[in-house]
Amino acid sequence: MQSSASLDVAEYEQFMHMRLRTDLNDACSLFQALTHEQEEYRALVQNIQLLVKGEIGNLKTLMPLGKEQGFQVQAEVPVTEFIYVKIGLGFHVQCTLLEASDIAKNKEQQLQAQIDRQTDTISKIRARMILMQESIEAMQAA
């Protein structure tokens, strides 16, 4: 028959592996997705700045077709005075380049706040894992 301490150690290890590691993986995945989206908005701001400066006359881009990722066609945009910006829930708004730049900068700031919160969440999960590991080692030593 196993002792109470060995059962507690097994429960702690199971909690650490089943719950904390899963939470950490989920938090890291969300962090990476937010960081990727933020980089896309930074690139959008840079491209808009090039359009405003007049360094790009017409624009060639890849447009996704359908809901499948990876299937794209090349498109040419001869008039770059206006741009359509996705504002959420499937809605797009036609904006001037300066308005679109402001929207992209605001979205980038919102994403940075989410990234900061996610970084805190990841740090807390890692701290719990370290505390849990130390508790397991103390229980095994006793």
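All values derive from a computational prediction rather than experimental measurement.
Residues Met129 and Leu24 are in side-chain contact: their nearest non-hydrogen atoms beyond the backbone lie under 4.5 Å apart. Contact of the Leu44 side chain with the Ile83 side chain is registered, since non-hydrogen atoms from C-beta on lie closer than 4.5 Å. Side-chain atoms of Tyr84 and Val93, non-hydrogen and from C-beta on, never get closer than 4.5 Å to each other. Contact annotation: the side chain of Glu13 approaches that of Ile136 to within less than 4.5 Å [non-hydrogen atoms, C-beta and beyond]. Two residues are said to be in side-chain contact when any heavy atoms from C-beta on lie closer than 4.5 Å; Gln38 and Gln114 fail this criterion. Under the 4.5 Å side-chain criterion, counting only non-hydrogen atoms from C-beta, Met132 is in contact with Phe15. Cys95 places none of its side-chain heavy atoms less than 4.5 Å from the side chain of Phe82.
For CZ of Arg19, the number of neighbouring non-hydrogen atoms (other residues, nucleotides, ligands) closer than 6.0 Å is 12 at most. Summarising the local packing, CD of Glu81 is surrounded by 12 or fewer heavy atoms from other residues, nucleotides or ligands at distances under 6.0 Å.
The side chain to side chain contact (heavy atoms under 4.5 Å, CB included) with Ile48 is formed by just one residue from the set Ile103, Leu97, Leu98; it is Leu97.
There is a path of hydrophobic side-chain contacts, each under 4.5 Å, that joins Tyr41 to Ile115. Hydrophobic cluster membership is shared by Met16 and Met139, with clusters built from Ile, Leu, Val, Met, Phe, Trp and Tyr side chains linked at under 4.5 angstrom. Under a hydrophobic clustering in which Ile, Leu, Val, Met, Phe, Trp and Tyr are joined whenever their side-chain heavy atoms come within less than 4.5 Å, directly or via other members, Leu34 and Val45 fall into different clusters.
Under 3.5 Å, the side chains of Asn106 and Gln110 contain no donor-acceptor pair of N or O atoms. A donor-acceptor contact closer than 3.5 angstrom is absent between the side chains of Gln32 and His36.
A salt bridge is absent between Asp120 and Lys124: the closest approach of a Lys/Arg side-chain nitrogen to an acidic carboxylate oxygen does not fall below 4.0 angstrom. Between Lys105 and Glu108 no salt bridge is recorded (no basic side-chain N to carboxylate O distance below 4.0 Å).
Here the closest heavy-atom approach between residue Gln118 and residue Leu30 is recorded as OE1-CD2, 3.4 Å.
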